[in-house]
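As structure tokens, the structure follows; a few thoughts come after it.
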Amino acid sequence: MRQRLNGVRDSLLTLENGQEWHALADVSVLRDRGTLLSRLAVLADDVLDRTDLENLLLELRQVMIDVDRHLQEV
């Protein structure tokens, strides 16, 4: 699970070096990206210790929805 979350994080970071990312002028998109990266880092740490798997699954689904939405805006 952590490897998959790292893959998502890497995809967000790759945008930083891509043409699409340099074309962005919207500060809110940059802020959203930072928020998503923070959420992914927290979830990657939590996935090892969480006992409430239903809530973890809900959080993982929501962050994936938010990442997908963010990538569509870019």
Side-chain angles (χ1 to χ4, degrees):
M1 179 58 69
R2 290 183 78 188
Q3 289 177 341
R4 290 181 186 232
L5 289 173
N6 283 336
V8 174
R9 181 188 60 85
D10 291 345
S11 294
L12 286 171
L13 291 174
T14 300
L15 289 174
E16 186 172 287
N17 297 323
Q19 291 177 348
E20 304 91 1
W21 197 250
H22 291 296
L24 291 178
D26 189 353
V27 174
S28 66
V29 173
L30 295 172
R31 185 177 51 244
D32 291 345
R33 176 182 164 264
T35 300
L36 287 170
L37 289 169
S38 295
R39 287 173 60 197
L40 288 169
V42 168
L43 283 172
D45 288 340
D46 282 356
V47 79
L48 296 176
D49 300 325
R50 294 276 294 264
T51 56
D52 56 340
L53 297 180
E54 284 187 39
N55 286 335
L56 176 62
L57 182 58
L58 289 173
E59 288 180 44
L60 289 168
R61 285 182 181 159
Q62 186 59 52
V63 78
M64 291 300 111
I65 290 168
D66 293 344
V67 166
D68 185 53
R69 186 178 306 128
H70 176 75
L71 292 176
Q72 289 177 12
E73 291 176 2
V74 174

Checklist line | Straight-line distance of Ser38 OG to Arg33 CZ, nearest 0.5 Å | finding: 10.5 Å

Check: In Å, rounded to the nearest 0.5 Å, how long is the span from CG of Asp46 to CZ of Arg39?
Finding: 12.5 Å

Next item on the list: Following the transitive rule for hydrophobic clusters with a side-chain heavy-atom cut-off under 4.5 Å over Ile, Leu, Val, Met, Phe, Trp and Tyr, establish whether Leu37 and Ile65 coincide in one cluster.
Entry: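 No, because Leu37 and Ile65 fall into different hydrophobic clusters, even though each may have its own neighbours under 4.5 Å.
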
State, with a plain yes or no, whether a side-chain heavy atom of [X] is found less than 4.5 Å away from one of [Y].
X     : Y     : value
Leu40 : Asn6  : no
Asn55 : Leu58 : yes
Met64 : Leu60 : no

Next item on the list: Please name the residue in the list Val42, Asp45, Asp10, Leu43 that meets the side-chain contact (heavy atoms from CB on, under 4.5 Å) test with Leu5.
Entry: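 Only one option passes, and that is Leu43.
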
Notebook entry, point to check: Just wondering, more than 12 heavy atoms not from Arg50 lying within 6.0 Å of its CZ?
Noted result: yes

Checklist line | Arg69/Asp32 ion pair, N-O < 4.0 Å | finding: no

Next item on the list: Verify whether one side chain among Asp66 and Gln62 offers a donor that lies under 3.5 Å from an acceptor in the other.
Entry: yes

